[in-house]
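Hydrogens, waters and symmetry mates are skipped; everything else that's a heavy atom, side chains included, is used. Proteins come first, then strands; the chains are lettered A, B, ... in the order of their sequence lines, and each starts at number 1. All values reported here derive from a predicted model rather than from experimental measurement.
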Protein chains: 2
Amino acid sequence: MAVASRLQSGTGEAGNVVSLPETIPYFLADRIKAGIIRWRYPPGSSLRETDLAAEYGASRGPVREALRILELQGLVIHAPRRGFKVKEYTTDDLRHLYRLRAQLESEVIDALSTKDVSSLCDVLDRTNAVMRAFAIRRDLEGYFSTNIEFHQLMIDSTESSVLRTILHQVNAMSLPVRFLLLSNEFSGRADYEYHHEITQAIRARNFKLARRMTVSHITSNLTRVTVAYAEALEKQQER
Amino acid sequence: MAVASRLQSGTGEAGNVVSLPETIPYFLADRIKAGIIRWRYPPGSSLRETDLAAEYGASRGPVREALRILELQGLVIHAPRRGFKVKEYTTDDLRHLYRLRAQLESEVIDALSTKDVSSLCDVLDRTNAVMRAFAIRRDLEGYFSTNIEFHQLMIDSTESSVLRTILHQVNAMSLPVRFLLLSNEFSGRADYEYHHEITQAIRARNFKLARRMTVSHITSNLTRVTVAYAEALEKQQER
DNA sequence: CAAGTGTAAATTGTCTACAATTTGAGATCG
DNA sequence: CGATCTCAAATTGTAGACAATTTACACTTG
């Protein structure tokens, strides 16, 4: 019941626009997701049903459901009679993850070529403007979730439910590592510059260019990410 | 308990080697999966928890879990307070699905280039021989599940857990449509011929060739699949 | 007769209690 | 002193009952 009262609250704090928390498990999934992304539940740590139930004032049933939903998003893994753990990735996995992400978002852009893109671009531009504002204000959390929202919008523009499903998953998997970059996010070339150029290319219907830029946007972060992730894992194991 | 007694039985009948049914939900997931693949639960039909619980002699809890597991595999979709439905795909979705599958299995082959492949190829050859035997005996079910096993083996050869996860999913999604081809499976060029050539190419470490052949193997089925799927859906709606 | 409304049945959501399994600490034995 | 065994505590798995919501159908009403 501690949970039930908050159910109406629209968008979760995970920077997650897709799952509408109409029911307790979805609400819990969003909260736990936020916890995983922010390393409150670090990779490899076990998520005990009883603990989570107590923490959020729900019972174990919905917690299990929530964890199953997160498994769907690739953030958590379940082993029979051994419970749920926060999924952990090797640096090799990260490489594959990013390659896949780049490849699939390219697909999305390709699929745009048969559609009217102006309304999509308007939304993307607006989101990007918000993101820039957060950057100027040095609001890291806002920056982070707007960044995610940009990519989410891109993903949701595809008609293909297969692509959407898979990309949501791949995207979700990368969130914890992306969060790591947050602290030094404003070094180097800003994401919103990439975003802006990509949007422009799409609006000009230069999909080839948009594709190339998306790939370089995503892969440009890869090396930074792998280093940061390895460091974070190490720091984690000291405790 | 009608279920509990059968729990030991190793591999499920869905032609599914990956999920070890150590616990009731996994067992149920396997059975329901088999039902979906064989169109006993056709696309779009709703999977009522109570019905399934009664059908398999379990209670609703495990059934829900099972359905959640199948959602993970992209075979089922859940809407809050509206229950689970067998996922249905448009022909456009199928196109994307197959393209993705081809792309990702190519990735797997690429990843092999840094590894020793002889033991893998041995297993693949053996599986392929079994498949050929089933073909000669005109054992469609055996042929089907061995075919799946071949691809499963390929998928599982990757170190990258990301690729494995996603490919399992993409693979699972395509099972119901692949089942449709079963009746006229032995027309045209046999799958095991493709498989054999692919295996040979891999053994010869000609990964470029193996890649090309995998793509053509998978996409060669696409048109047949889309037609068969559309027909099957239509026939379904007549009822 | 069409459209909207209300109510009962069907269905999903949640909780609590109990069963089965795993885990880990301490005792026992080589 | 190290390895193994045993047993209790912690944790997950399952069942069944009850609550909340949706759906379908009959009913009213314009």
Q: Check the pair A:Arg178, A:Asn171 against side chain to side chain donor-acceptor pair (under 3.5 Å), reporting the backbone distance first and the verdict last.
A: CA-CA 10 Å; A:Arg178 282 205 260 168; A:Asn171 209 41; 2.7 Å; yes
Q: Measure up the A:His195 and A:His151 rings against each other and bin them: parallel (under 30°), tilted (30 to 60°), perpendicular (over 60°).
A: perpendicular
Send over the distance from [X] [atom1] to [N] [atom2], rounded to a whole Å.
{"X": "A:Phe84", "N": "C:dT22", "atom1": "CZ", "atom2": "P", "value": "16 Å"}
{"X": "A:Arg68", "N": "D:dT12", "atom1": "CZ", "atom2": "P", "value": "12 Å"}
{"X": "B:Glu65", "N": "D:dA15", "atom1": "CD", "atom2": "P", "value": "12 Å"}
{"X": "A:Tyr26", "N": "C:dG13", "atom1": "OH", "atom2": "C1'", "value": "12 Å"}
{"X": "B:Arg81", "N": "C:dA10", "atom1": "CZ", "atom2": "C1'", "value": "15 Å"}
{"X": "B:Lys85", "N": "C:dT12", "atom1": "NZ", "atom2": "C1'", "value": "13 Å"}
{"X": "B:Ile24", "N": "D:dT14", "atom1": "CD1", "atom2": "P", "value": "4 Å"}

**Q.** C:dT14 phosphate, OP1 or OP2, under 4.0 Å from A:Thr23 side-chain N/O
**A.** yes
Q. With the sugar-phosphate defined as primed atoms, P, OP1 and OP2, and the base as all remaining atoms, what B/S/- string results for nucleotides 6-11 of chain D, 5' to 3', for protein heavy atoms under 4.0 Å?
A. -----S
Q | Distance flag, aromatic centroids of B:Tyr89 and B:Tyr229, threshold under 6.0 Å | A | no
Q: Go through C:dG13, C:dT14, D:dG13 for me and flag the one nearest to the A:Ser59 side chain.
A: C:dT14
**Q.** Non-hydrogen atoms of B:Tyr26 and A:Pro80 that approach each other most closely
**A.** CE1-CG, 3.6 Å
Q) Is there a donor-acceptor pair under 3.5 Å between the side chain of A:Arg60 and the backbone N or O of A:Ala53? A) no
Q) Counting N and O atoms only, with roles assigned by atom type, does the side chain of A:Asp93 sit under 3.5 Å from a partner on the main chain of B:Ser161, one being a donor and the other an acceptor? A) yes
Q.
Taking the nucleotide of DNA chain C with the nearest heavy atom to each, does B:Leu47 or A:Arg60 sit closer to the 5' end?
A. B:Leu47
